[in-house]
Amino acid sequence: MNFDDVLFGLILCGIGLAGACFRSEYVLLREHRAIERRKERLMRELHLKRLSSQVDGGEHFAQTG
């Protein structure tokens with residue numbers, strides 16, 4: 001084994017580590033986006049429930065008033 005083989009092995013290891021790092025960052029970003037979408041969906045549902053309860057309450061007061 002000569003010095004060129006060692007350098008070639010180090011380059012390949014560096015490329016492998018960089019690929020693993022990019023993959024882990026991509027997976028982390030996907031998870032973060034999924035969590036954000038879940039939060040947005042829950043906030044939207046909560047907002048719709050509040051609006052529907054206000055509309056229901058408003059109609060109730062309009063009928064009795």
Listed by chain and number, what are the side chain to side chain contact (heavy atoms under 4.5 Å, CB included) partners of E45, not counting sequence neighbours? R41, L42

d(Q54 CD, R50 CZ) to nearest 0.5 Å is 9.0 Å

Hydrophobic cluster of V27, others only, ordered by chain and residue number, side-chain cut-off 4.5 Å: none

Extract all donor-acceptor atom pairs below 3.5 Å that involve side chains of residues 4-23 and protein atoms in other chains or at least two apart in sequence.
none

With side chain to side chain contact (heavy atoms under 4.5 Å, CB included) as the test, would you mind laying out the steps for M43 and H47 before giving the verdict? CA-CA 6 Å; M43 294 295 285; H47 182 67; over 6 Å; no

Residue list, side chain to side chain contact (heavy atoms under 4.5 Å, CB included) with K49, at least two apart or on another chain: none

Those residues that, when tested against A34, pass side chain to side chain contact (heavy atoms under 4.5 Å, CB included) (two or more places apart): R37, R38

Euclidean distance, I35 CD1 relative to K39 NZ, rounded to 0.5 Å: 7.0 Å

Under a single-linkage rule joining Ile, Leu, Val, Met, Phe, Trp and Tyr whose side-chain heavy atoms are separated by less than 4.5 Å, which residues share a cluster with L28? none

